[in-house]
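In what follows, chains carry the letters A, B, and so on, assigned in the order in which the sequence lines appear, proteins first and then strands, with residues in each chain numbered from 1. Every heavy atom of this structure was used, including side-chain atoms; hydrogens, water molecules and symmetry mates were not.
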There are 2 protein chains.
Amino acid sequence: MQHQNLLMIISNELDSLNKSERKVADAIMLDPEAATHSSIASLAIKASVSEPSVNRFCKRFNTAGFPDFKIKLAKSLVSGVRFVNQNVDSDDTVEHFTPKIFDSTINDLSLVRDTIDHGVVNEVVNRLIDAERIYFFGLGTSGAVARDAENKFFRFNLPVSFHDDVLMMRMLASTGRSSDVFFVISHTGRTKEVIEISEIAVDKGSTVIALTSPGSPLSSICSISLEVNVPENTDEYMAMTSRIAHLVILDVLATGFTLRQGPDFLSHLEKIKSSLKPTRLSKDK
Amino acid sequence: MQHQNLLMIISNELDSLNKSERKVADAIMLDPEAATHSSIASLAIKASVSEPSVNRFCKRFNTAGFPDFKIKLAKSLVSGVRFVNQNVDSDDTVEHFTPKIFDSTINDLSLVRDTIDHGVVNEVVNRLIDAERIYFFGLGTSGAVARDAENKFFRFNLPVSFHDDVLMMRMLASTGRSSDVFFVISHTGRTKEVIEISEIAVDKGSTVIALTSPGSPLSSICSISLEVNVPENTDEYMAMTSRIAHLVILDVLATGFTLRQGPDFLSHLEKIKSSLKPTRLSKDK
DNA sequence: TAATTCTTGTAATAAAACTACATTATCAGG
DNA sequence: CCTGATAATGTAGTTTTATTACAAGAATTA
């Protein structure tokens, strides 16, 4: 994690600084944003120290020099403002909370992007390609994700369905064949029904792929687990962003699927696309 | 547009640049991180232009000069948004296309964040609060979005339903009352059935809110239109990201709704949350 | 094709950052 | 409470970096 915030590091080590270093630190803390725009000379004056003291201060914090320090400081300001203090407040207006919600979603997506296991993704794509049938299972919010997945994978010339009814799921799981893939989506990975149904499918010899949180019960019992690391939501106003991450991962899987089929597969996709044309008003109307 | 990402601005204005400016842009885009660490001289060499050309490039993008440019560039790199000129190639492996898909989604989300009309969002929240009933309509992919919306708004102690069956939609629209809100989701805003149904609802005096693309037929006939600006997808391998933006906007609307209800409403949400507890395995298991 | 405007580079200047070294402060042991 | 050692800080000079003014060249238009 190279993303440790420089401003935090400085404030943590405040006590272990000597006099002039401390003066520099204070001057920066007073207005970090201004510090990123000032020269070493002006900051030295502001802190009442010499220029080399500022320079030494920078090097003390593992930066190449003052310019590099400013860049890292600037970066830490962005993450500080955007991600650390990004909870929705009860007196926020639309102008305030709208970017907060977008930013928090974006933040979670980039986290998932950086932590997802490519090996597992690859393996899941392989299993999907080998599948003779794919069932997408999900309840509640994950039901909407499963539905979206059905819509996406349906285009692939493959028997695909989604289910959000636990009785249907149970029946399908118990009559599953080894060539069937059950793709189970669950944010928590702790919903009892879903776990039980997945166990049944595994017992019957079907492939069960889970899209869920790391270390969950569901994750441990299925054939392959695509673990998605989205931080728990502490803010009651904030929405659940894991479902968005799940959707993007399904996009990734669909892309992997398409690529593996080779270029002639694209014409099939084009056919499906154009089948919808008559339902739409033309562009120039 | 206060926090439009510098890197995005550059990539948007790529076409309007002259030759040497373009060379500089390309050199930066190739490795923005490296650009933040290089001197004006080394970047000039990398771009095969003179140093003043680099300087002029910086000023063109409303920065004080090269150092200021580097700071702003560094900031734009942090926000989780990466520059994505990268379409999925047919010979991409999982390692390649996974971040591409995430980045392109993130990119689109930040575009929507910066272009969404807060006034309209506010007005939509008002209408939703005044509603006695809310119907979410959507077909295909937007059906999954509508389903997610139902799940979210259901928690608000309000008669809410989602529909993806055009006959049901038609019947509901024609029996709609003025206190009913029809929330119609459509990526294209050109699906004939959806437009017809919306027209019926408008004629009956109901409020019709559309979540769709700017300037579409649907947008022009409904009561209020939440226009979402997501660039058209030219890459056949790339997924449709508008639905993700739609989901986030529904999160925004739900948040606005919750905030407007005041703090005592949170206990109601807590009640719903805890009602699901018995369906889950406990954490320590 | 000549005049105009827009681009781009050269060279000089200014600004900023860094380094070596000198000075001053701090502190431990006598 | 000295005195020598060590650490902290500053001065001044050097190097690097960025900017500016201006001129040459390319593109454009009448």
*To the nearest Å, how far apart are B:I45 CD1 and C:dG9 P?*
13 Å

*Toward the 5' end of DNA chain D, by each residue's nearest nucleotide, B:F66 or B:R56*: B:F66

*Side-chain N or O of A:S20 less than 4.0 angstrom from OP1 or OP2 on D:dT9?*
yes

*Determine whether the side chains of B:S50 and B:S53 contain a donor N or O and an acceptor N or O closer than 3.5 Å.*
yes

*Could you state the CG-P distance from B:L43 to D:dT17, rounded to the nearest angstrom?*
13 Å

*Atom CD of B:E51 and atom C1' of D:dT16: how far apart are they, to the nearest Å?*
11 Å

*Can you find a heavy atom in the side chain of A:R56 that is under 4.5 Å from one in the side chain of A:P52?*
yes

_Value in whole Å for how far the P atom of C:dC6 lies from CD of B:E21_ = 13 Å

*Quick one: are B:S16 and B:R60 in side-chain contact, heavy atoms under 4.5 Å?*
yes

_C:dC6 phosphate, OP1 or OP2, under 4.0 Å from B:N18 side-chain N/O_ = no

*Please state how far atom CZ in B:F69 lies from atom P in D:dT17, giving the value in whole angstrom units.*
18 Å

_Touch class at under 4.0 angstrom, heavy-atom based, for B:V54 against every strand present_ = nothing

*Hey, does the side chain of B:N55 come within less than 4.0 Å of D:dA18's phosphate (OP1/OP2), counting only N and O?*
no

*Of B:K19 and B:I40, the one whose closest DNA chain D nucleotide lies more 5'*: B:I40

*Is any side-chain N or O of A:K59 closer than 4.0 Å to OP1 or OP2 of C:dA17?*
no

*Within this structure, what is the CG-to-P distance between B:L17 and C:dT8, rounded to whole angstrom?*
10 Å

*asked:* Working to the nearest 0.5 angstrom, can you tell me the gap between B:F102 CZ and A:L111 CG?
replied: 10.0 Å

*Can you tell me the distance, in whole Å, between the CZ atom of B:R60 and the P atom of C:dT8?*
11 Å

*asked:* Rounding to an integer number of Å, can you tell me how far B:K46 NZ sits from D:dT17 P?
replied: 16 Å

*Output the single nucleotide from C:dC18, C:dA16, C:dT10 whose closest atom is nearest the side chain of A:P67.*
C:dC18

*Can you check whether B:S53 has a side-chain N or O nearer than 4.0 Å to OP1 or OP2 of C:dG9?*
yes

*Do A:K152 and A:D148 sit within salt-bridge range, that is, some charged N less than 4.0 Å from a carboxylate O?*
no

*Determine the contact category for A:K70: base if any of its heavy atoms lies under 4.0 Å from a base atom, sugar-phosphate if only primed atoms, P, OP1 or OP2 are that close, otherwise nothing.*
sugar-phosphate

